[in-house]
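Proteins get letters first, then strands, A, B, ... in listed order; numbering begins at 1 in each. Only a predicted model underlies this, so the values are computations on that prediction, with no experimental measurement involved. Reckoned from all heavy atoms, side chains included, excluding hydrogens, waters and symmetry mates.
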Amino acid sequence: MSVKVLHSGLLTTIQDIGRFGSQQYGVIVSGAMDSYSLRLANLLVGNMENEATLEITLFGTTLQFEEDTLIAITGGDFLATVDGVVAPLWRPVLIKKDSILKFNSAIRGSRAYVAFAGGINASEILGSKSTYLRAKIGGFEGRALQKGDVLLVGEGNYLSKKLVQQLTKNNFSWSINCNELINFNQHQVIRVLKGTEFHRFNKESQQIFWEEPYSLTVQSDRMGYRLEGPPISLSENFELLSEGVTFGTIQIPSNGQPIILMADRQTTGGYPKIGQVITADLSSLAQLQPTATIRFKEVTQEEAEKLLIKNEQLINKIKTAIHYKVFH
Amino acid sequence: MPNQQIETIMKPLGDSALIVQLGEGIDPIIHERVKNLSELLTNNPFEGFIELVPAYNNITVFYNPYIVYNSQKGTLTAFEKVCAHMKHLVQQIKININEGPRLVSIPVCYGGEFGPDLENVAQYHNMTQEEVIRIHSESECLVYMLGFAPGFPFMGGMDERIATPRKETPRLSIKPGSVGIAGKQTGIYPFETPGGWQIIGRTPLNLFLPHMSPPTLLQSGDKIRFVPISPNDYSDYKEMKQ
């Protein structure tokens, strides 16, 4: 089965959960910016959670389906339409042969995910189909989608086929609720653990970091969010050797403006780390648009773990509920 | 022999990773500890372990806290459980002096269009270009870690007589394979990228080999020697690889 790209959009790439296991060789993780949306999109079409999907950024992308295809759209709301009719989000959708799925501009969030039953037949490198643009690997020829590209999508499994049957019978009325997992507000509080060099910043800067709002600049991308706000400075300069960093690491370069490392971050960094966004808040962070404002709030290691575990349990519940809806 | 006096610090890098610090500064002995602990963890992973990233004097351990949480009952946090596992491994660190490092020769075409900053570096030190090449290719460098970009080696051991500050204005584009100097460091760019290093030459070898295992030409712990080649040799290498 295949899907043709009629319009590329701003930046649409194939992403799965990420390329893990090769960071020690300097290979960056990549993967979906909003991994909760990616995982839920896959569950909604019967896929494994970590299957590759399309990640659509801010606006664009029009797709034409050459066969009947089961899909799910999650993440931000781009007022997507199927042959001109608004497409429902957060539930399985059966797209008919020759139909056109069109994404407009994001009115909520900044990244939408499209999962196809059976996944996307993209090139798998080092265990992942995620596109890493700079090294030109993974995804669709290692690049963003372009007009004229043809995506090959797989065959759905047993669960996908049952979902298609339900949709064909026209008695379909459910969708899932993501409100507890992702906050789409463009002015929000992001929860943070103190970073490994937090104590190296002067008292005034520490206070500023917890109290003042920071806004996302237009220089923000999949690699990192560049923030703008009151500058933060060290008590005294020191040399930090490059060491491991991760998704959500908040670095302070010499200009004092924080950078939050995102999906396409490099594997190691040498800037002092003032904080670390908790895993439970990474999807909310990923859905921010340029000019969004955030405040940082400190939580403890134990709270961060609890929130993460609660979210994982919630995703498991959603998975069970989907199975229940299909088989009862 | 087991080395129990190692001063170890464990610190969280968020809720899904932690850093095990095995010393301070850049030091071949600490590097051996890092290498040994990486091997120990690779051979004795815990449930929920994802991967590790060795650096100059520490390793970062990535894990899935939900799996760690479910894998053992008890009141400890996932962070505490992973710390306990790592403490146990740190006690088993041995420096294996018998195992020699891998020695890798990197052919480099110095100067000209391949090394546009060779002349500046020579002038900066009041040397001839030939002297810079001789000193650079006589240094034996140690790959401490890979990072920044796939296959990018962080190396130590370059002769400090040719240490040169970064360029004041970074280049917008540096060709893949470019060999540069930044302060006391020397490195090789795997991809075309902007950068401020002084570029003195270029290697025809590919540093990132995505279809191989491991996917990089160089690995942490390798000893490197740069071998000067002519522009003709450079073309021959490139053709050989096609």
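Using a cutoff of 4.0 Å between basic side-chain nitrogens and carboxylate oxygens, B:Arg171 and B:Asp117 are scored as salt-bridged.
Annotation: maximal heavy-atom pairing with chain B below 4.5 Å, among A:Ala135, A:Gly275, A:Gly270, A:Gly269, occurs at A:Ala135. Most heavy-atom pairs under 4.5 Å with chain A: of the set B:Leu218, B:Ile50, B:Val53, this distinction falls to B:Val53. Top candidate by heavy-atom pairs under 4.5 Å with chain B, chosen from A:Arg265, A:Lys136, A:Glu305, A:Glu312, is A:Glu305. Ranked by heavy-atom pairs under 4.5 Å with chain A, the list B:Pro150, B:Ala55, B:Gly151 is led by B:Pro150. The most heavy-atom pairs under 4.5 Å with chain B, out of A:Leu193, A:Thr267, A:Val27, come from A:Val27. Between chain B and the residues A:Lys194, A:Glu302, A:Gln313, A:Lys273, the largest count of heavy-atom pairs under 4.5 Å involves A:Gln313. Taking B:Asn70, B:Thr193, B:Asn58, B:Ile59 one by one and counting their heavy-atom pairs under 4.5 Å with chain A, the maximum is reached by B:Asn58.
Just one of A:Glu51, A:Glu55, A:Glu124 meets the salt bridge (charged side-chain N to carboxylate O under 4.0 Å, His left out) condition when paired with A:Lys129; it is A:Glu51.
Heavy atoms closer than 4.5 Å to chain B are found nowhere in A:Phe247, neither backbone nor side chain. Heavy atoms of B:Tyr144 lying under 4.5 Å from chain A are absent altogether. Both the backbone and the side chain of A:Ile278 come within contact range of chain B, judged by heavy atoms closer than 4.5 Å. Using a 4.5 Å cut-off between heavy atoms, B:Thr216 touches chain A through its side chain atoms alone. With a 4.5 angstrom heavy-atom cutoff, A:Asp264 does not touch chain B via any of its atoms. For A:Gln276, the part lying under 4.5 angstrom from a heavy atom of chain B is the side chain only. Looking at B:Phe154, only its side chain comes within 4.5 Å of chain A, counting heavy atoms on both sides. Using a 4.5 Å cut-off between heavy atoms, A:Thr279 contacts chain B through both its backbone and its side chain. For A:Val245, the part lying under 4.5 angstrom from a heavy atom of chain B is the backbone only. At a 4.5 Å heavy-atom cutoff, the contact between A:Gln301 and chain B is made by side-chain atoms alone. For chain A, the nearby part of B:Ile19 is the side chain; its heavy atoms alone come within less than 4.5 Å. With a threshold of 4.5 angstrom between heavy atoms, B:Phe191 approaches chain A through side-chain atoms but not through N, CA, C or O.
When the shell of 6.0 Å around CG of A:Leu240 is examined, it contains more than 12 heavy atoms from other residues, nucleotides or ligands.
Put simply, CZ on A:Arg19 and CD1 on A:Ile125 are 7.0 Å apart, with the number rounded to the nearest 0.5 Å. Between B:Thr164 atom OG1 and B:Tyr124 atom OH the span is 7.0 Å, to the nearest 0.5 Å. Annotation: the span from A:Leu38 atom CG to A:Tyr113 atom OH amounts to 7.0 Å, rounded to 0.5 Å.
For the residue pair A:Asp281/A:Ser284, the side-chain donor-acceptor check at 3.5 Å is not satisfied. One side chain, B:Asn57 or B:Gln21, offers a donor N or O that lies under 3.5 Å from an acceptor on the other.
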Show your working on side-chain contact (heavy atoms from CB on, under 4.5 Å) between A:Leu227 and A:Leu216 and close with a plain yes or no.
CA-CA 5 Å; A:Leu227 305 184; A:Leu216 232 74; 3.4 Å; yes

Passes side-chain contact (heavy atoms from CB on, under 4.5 Å), B:Tyr69 versus A:Leu308? Steps please.
CA-CA 11 Å; B:Tyr69 165 81; A:Leu308 178 152; over 6 Å; no

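Counting only heavy atoms from C-beta outward, the side chains of B:Phe208 and B:Pro176 never approach each other to under 4.5 Å.
Classification of the B:Tyr189-B:Phe148 ring pair by plane angle, with boundaries at 30° and 60°, yields perpendicular.
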